[in-house]
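Take this structure, written in structure tokens, and hold onto it; I'll ask about it next.
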Protein chains: 2
Amino acid sequence: MATVEEPTRPAVRTRDAARTRAEILDVATQEFARAGYTGARVDEIAARTRTTKRMIYYYFGGKEQLFTAVLERAYSQIRQAEQEVDVDHLDPVAAIRRLAELTFDHHEAHPDFIRLVAIENIHEAEHMAASEQLGALNSPAIEVIRRILDAGRASGLFSADIDAVDLHAMISSFCFFRVSNRHTFGALFGRDLVAAEQREHYRTMLGDMVIAYLTADRSEA
Amino acid sequence: MATVEEPTRPAVRTRDAARTRAEILDVATQEFARAGYTGARVDEIAARTRTTKRMIYYYFGGKEQLFTAVLERAYSQIRQAEQEVDVDHLDPVAAIRRLAELTFDHHEAHPDFIRLVAIENIHEAEHMAASEQLGALNSPAIEVIRRILDAGRASGLFSADIDAVDLHAMISSFCFFRVSNRHTFGALFGRDLVAAEQREHYRTMLGDMVIAYLTADRSEA
DNA sequence: TTACTAACGAACCAGTTCGTACATTAGGAG
DNA sequence: CTCCTAATGTACGAACTGGTTCGTTAGTAA
């Protein structure tokens, strides 16, 4: 019943450009991943931030550039993870399997990233094209794959003459599809590709598939 | 220089419910595939039709139901194509390879369908869930795969104990990724997965991969 | 202490977008 | 030929949305 108005606490507007910028990126990542580029609302992003819409335009310029910034950060995080991969101590077969599993795990752990990539493909990668930072700077994973492939062929273990980028595509396609198409696949076949009980099953299947392809006996062909 | 106004031809408003409905679906499919669900504009769909926006609401009820109808038709077309598959005269290895190639070809030939599926996944298949027609009625392809797998195992050619739905996922993931992620993959690695020169390369790679997995020597495992 | 600027907030605006109310007519049933 | 209704077209509006204008203030350099 108190008719006394709350003094609407001054909220001690502390100034911290880096924090504000990062917070906008965090929220924007969620919102874009949730609703797609067009479906994401700048007002909604601002509302879920401790700052205002004005700041989004102040720091990023607009919705398009904000999405580009979101993509840039997401990809830079993935590259960072890839750089920490260490499979040099393993034999080629084990190394490839390990790498496939790491890719599998990373996709599963970052569904928002998968969604962002799917969304960017709907828009034909126009935001990536507009980014200087994202210009064809190769993923570290490719170099790792290349080294393992060379070793595997040198030792006679690998018969397939696939190159690193194509092998990366093969591994990624399985990992990506499992997460990206989870919902339509589930609706059509009543099977949840990302169900916890199935995790080991699919992880093993991926490794088996890649190794089988690389080591297949092609002498009869 | 004729200042005589064109009589704005009466356009002979012929009435044909089926045609109007089908035309709306055609244009809507393009527009949704182009811009995503949220990005698609009802006014734009109407403008590219020989009828008006009023008819979209008259026949479909609204944007959501229109998108659901688009998905229903797209999936029914795919099922129709799957039903025409005939691989019964082939041995299991050749049959699986042929089936994989047909899936490959279908994905390549229908990029709009791929985009619609990707878009529907962004929306967590909520429109498919709202459809009675799309309720878990299995794809004919699954039955075909099941038969081939049984035959392959019976004859001792296939060693892998994978089930039909998972094999379908394996094949689809490669075909789907190649089309759906064409743009981001191209931007990152400078390689166009859908380039015509590469078509045979990837088609063969898919078949090799699936056959290698199914026939891999697991005696040493 | 003062002055200056980077960082910030509230309110607003113009264009858009889905959806609807109302009026009209083609074409078939009788 | 007449009447009835499924089918169609026009015009409009309320809510939303990206972006901007204008004014304020925290922190800091001198």
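Atom set for the values below is all heavy atoms of this structure, side chains included, hydrogens, waters and symmetry mates excluded. Naming: A, B, ... by sequence-line order, numbering from 1 per chain.
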- Message: Check this one for me: any side-chain N or O of A/Thr52 less than 4.0 Å away from OP1 or OP2 of C/dA10?
- Response: no
- Query: Residues two or more places apart in sequence or in another chain: which of them pass side chain to side chain donor-acceptor pair (under 3.5 Å) with A/Asp163?
  - Reply: B/Arg191
- Item | Under 4.0 Å protein heavy-atom contacts per nucleotide of nucleotides 14-21 of chain D, with B for base, S for backbone only and - for none | ---SBBBB
- Task: With sequence neighbours left out, write down each residue that passes salt bridge (Lys or Arg N to Asp or Glu O under 4.0 Å) with B/Glu44, or none if nothing qualifies.
- Result: none
- Item | Euclidean distance, atom CD1 of residue B/Ile56 to atom P of C/dC18 [Å, nearest integer] |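 Taking CD1 of B/Ile56 and P of C/dC18, I get 9 Å after rounding.
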- Item | Nucleotide nearest A/Arg15 (side chain, heavy atoms from C-beta), chosen from D/dA26, C/dG9, D/dA7 | D/dA26
- Query: Would you say A/Phe185 and A/Arg178 make side-chain contact, with heavy atoms under 4.5 Å?
  - Reply: no
- Could you tell me whether the phosphate oxygens of C/dT20, OP1 or OP2, come under 4.0 Å of any side-chain nitrogen or oxygen in B/Tyr58? no
- Name all residues meeting the salt bridge (Lys or Arg N to Asp or Glu O under 4.0 Å) criterion together with B/Glu64; count only those two or more places apart in sequence or in a different chain, and write none if there are none.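 Applying salt bridge (Lys or Arg N to Asp or Glu O under 4.0 Å) to B/Glu64 gives none.
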- Are A/Thr51 and C/dG9 close enough that a side-chain N or O sits under 4.0 Å from OP1 or OP2? yes
- Query: Base, sugar-phosphate, or nothing for A/Phe60, non-hydrogen atoms under 4.0 angstrom?
  - Reply: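 The answer is nothing, as A/Phe60 stays clear of every strand by at least 4.0 Å.
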- Query: For B/Gln77, what residues pass the side-chain contact (heavy atoms from CB on, under 4.5 Å) criterion, not counting sequence neighbours?
  - Reply: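 B/Arg73.
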- Query: Under 4.0 angstrom, heavy atoms only, what part of the nucleic acid is A/Arg50 near: base, sugar-phosphate, or nothing?
  - Reply: sugar-phosphate
- Query: Rounded to whole angstroms, how far apart are CD1 on B/Ile45 and P on C/dT16?
  - Reply: 18 Å
Show which side-chain atoms of residues 80-88 of chain B pair as donor or acceptor with protein atoms under 3.5 Å away, not counting sequence neighbours.
{"residue": "B/Glu82", "atom": "OE1", "partner": "B/Ser139", "partner atom": "OG", "Å": "2.8"}
{"residue": "B/Glu82", "atom": "OE2", "partner": "B/Ser139", "partner atom": "OG", "Å": "3.4"}
{"residue": "B/Asp86", "atom": "OD1", "partner": "B/Asp88", "partner atom": "N", "Å": "3.4"}
{"residue": "B/Asp88", "atom": "OD1", "partner": "B/Arg147", "partner atom": "NH2", "Å": "3.1"}
{"residue": "B/Asp88", "atom": "OD2", "partner": "B/Arg147", "partner atom": "NH2", "Å": "3.3"}

- Query: Once you round it to whole Å, what is the distance between P of D/dT10 and CE of B/Met55?
  - Reply: 11 Å
